[in-house]
Structures are given as C-alpha cells and as structure tokens.
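Heads up: the structure comes next, in structure tokens.
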Amino acid sequence: ETPAESLGSDITIGYTVALAKDDLIAIEFVVSDYEAGAAHPNSYTEVVNFDLKNGKSIKLPELFQPGAKYLQALSTYCIQDFKKQAKEQGANAMLDDDDWIRRGAGPELTNYANWSITKKGLEITFDPYQVASYAAGPQHVLVPYSALKEILKPDSAVTQFVK
C-alpha cells in the first residue's frame, strides 16, 4: 500500500547524448522529482563523460596540463558569457544577479561538476539556483576549445576536436 503522503510524488529521469563516438561518449542525465505538497518540482543534472577505449570515466582535471588554472579559465569564460546573455535578453533577463553568477560560476570544482564533451567545446550545465532562480531553469555555457587550447593536455580526450 502506498503511504498517503507520497501520493502525487514522482521522479523522472531523462537523458541527452551530447557526444557518441567509437571511443568516447558524453551523456547528460536530468533528474526531476516532485514531492507531494511542494511548491514546485526540483531538478538536477548528472553528466557522464566516458572513455570507451580505456573503460573509465573522464574527470575534468584530466583534460588539462598539470598546474593549469583551468577552473579560472572556465569561470572567466562562463561569467562573461552569462553577462552577454543577460545583455541580449535585456529587460527580460533572468541572469541579472552578478553575485549569484559569481558564486555559482566561480572557480571552484563543485561549480563545474556537470560538463559534457562535445565536438565544439565543453558544455557546462549550471543547475537551477546555481547561477539564477529556479524560474530561469538550468543554464548552459559552451566553452569552445579555442578558449582552452593553451591549457589543454595534448593527449587528452578532447584533443581530437581542437583546431
């Protein structure tokens, strides 16, 4: 028997394949859950970047040269991109809180837990409440490999996409 307090609660998991190659796959899972009586559902993202050739998950630091300030490079690019997005959206901008953006996209590894390898760059996903309100939804920034070329490891999983 289902307890009364769980009636109307649910969980949904969806996915998007960001990249699928013979040796590499990147999948973004979006988990959404609603607990009966809550004001709105909540969602979060989990991303898997997997090296099929070597049978292992790829960690963000593995893409960069030792000692490279990759978190600072990602943070700088993402914050600038969010400012550009806000300017383009004008009065309708939901990315309007600089402090929120600086905290959520600051140079900390936890802020960059959800990234996908794509052919064009690293797609960073920022969950609701990370850089903007719940109403703004998840936010995405594509950091082109050209912006990271100087600090990427020459033999990393993404080298094949760097021009």
*Does anything in residues 149-161 pair up under salt bridge (charged side-chain N to carboxylate O under 4.0 Å, His left out), and if so which pairs, sequence neighbours excluded?*
none

*Does the ring center of Phe126 lie less than 6.0 Å from the ring center of Phe82?*
yes

*Distance-only, no hydrogens or angles: does the Tyr77 side chain make a donor-acceptor pair with backbone N or O of Asp81 under 3.5 Å?*
no

_Measuring from atom OG of Ser75 to atom CD1 of Ile101, what distance do you get when rounded to the nearest 0.5 angstrom?_
11.0 Å

*What closest approach, in Å, do Ala105 and Cys78 show between heavy atoms, and which atom pair accounts for it?*
CB-CB, 4.4 Å

*asked:* Counting only heavy atoms from other residues, nucleotides and ligands, does the tally under 6.0 Å from CG of Asn54 exceed 12?
replied: yes

*Would you say Pro128 and Tyr44 make side-chain contact, with heavy atoms under 4.5 Å?*
no

*What are the two closest non-hydrogen atoms of Leu152 and Phe64, and how far apart are they?*
CD2-CE2, 3.7 Å

*Leu142 and Leu122, any side-chain heavy atoms less than 4.5 Å apart*: no

_Could you tell me if the side chain of Val143 sits less than 4.5 Å from the side chain of Ile124, heavy atoms only?_
yes

*asked:* Let me check something: do Trp115 and Val162 share a hydrophobic cluster, defined by ILVMFWY side-chain heavy atoms less than 4.5 Å apart, either directly or through other members?
replied: yes

*Out of curiosity, Leu60 CG to Tyr112 OH, how far, rounded to the nearest 0.5 Å?*
10.0 Å

*So, does Asn114 use its side chain to make a donor-acceptor pair with the main chain of Asp127 at under 3.5 Å?*
no

_Counting C-beta onward and ignoring hydrogens, is there a side-chain heavy-atom pair between Ile117 and Leu19 closer than 4.5 Å?_
yes

*Please answer whether the main-chain N or O of Val47 pairs with a side-chain N or O of Glu28 as donor and acceptor at a distance below 3.5 Å.*
no

*May I ask you to decide if Asn111's main-chain N or O and Gln130's side chain share a donor-acceptor pair within less than 3.5 Å?*
yes

*Determine whether Pro61 and Tyr70 make a side-chain contact, defined as any pair of heavy atoms from C-beta on separated by less than 4.5 Å.*
yes

*Sidechain-backbone polar pair: Thr159 side chain, Ser156 backbone, donor-acceptor under 3.5 Å*: yes

*Keeping the roles fixed (side chain from Glu123, backbone from Gly121), state whether a donor-acceptor pair exists under 3.5 Å.*
no

*For Glu62 and Lys56, what are the C-alpha separation, side-chain angles and deciding distance, and is it a salt bridge (charged side-chain N to carboxylate O under 4.0 Å, His left out)?*
CA-CA 12 Å; Glu62 297 171 356; Lys56 67 179 191 101; 3.3 Å; yes

*What's the shortest heavy-atom distance between Ile151 and Ala68, and which atoms?*
CB-CB, 3.8 Å

_Value rounded to 0.5 Å, distance of CZ in Phe161 from CG in Leu24_ = 5.5 Å

*Taking all heavy atoms of Thr118 and all of Tyr145, pick out the closest pair and write down the distance.*
O-OH, 2.7 Å

*asked:* With side-chain contact (heavy atoms from CB on, under 4.5 Å) as the test, pick out the partner of Ile58 among Asn49, Ile25, Val158.
replied: Asn49

*Please answer whether the main-chain N or O of Ser43 pairs with a side-chain N or O of Ser32 as donor and acceptor at a distance below 3.5 Å.*
no

_So for atom OH, which belongs to Tyr129, do other residues, nucleotides or ligands contribute more than 12 heavy atoms lying within a distance under 6.0 Å?_
yes

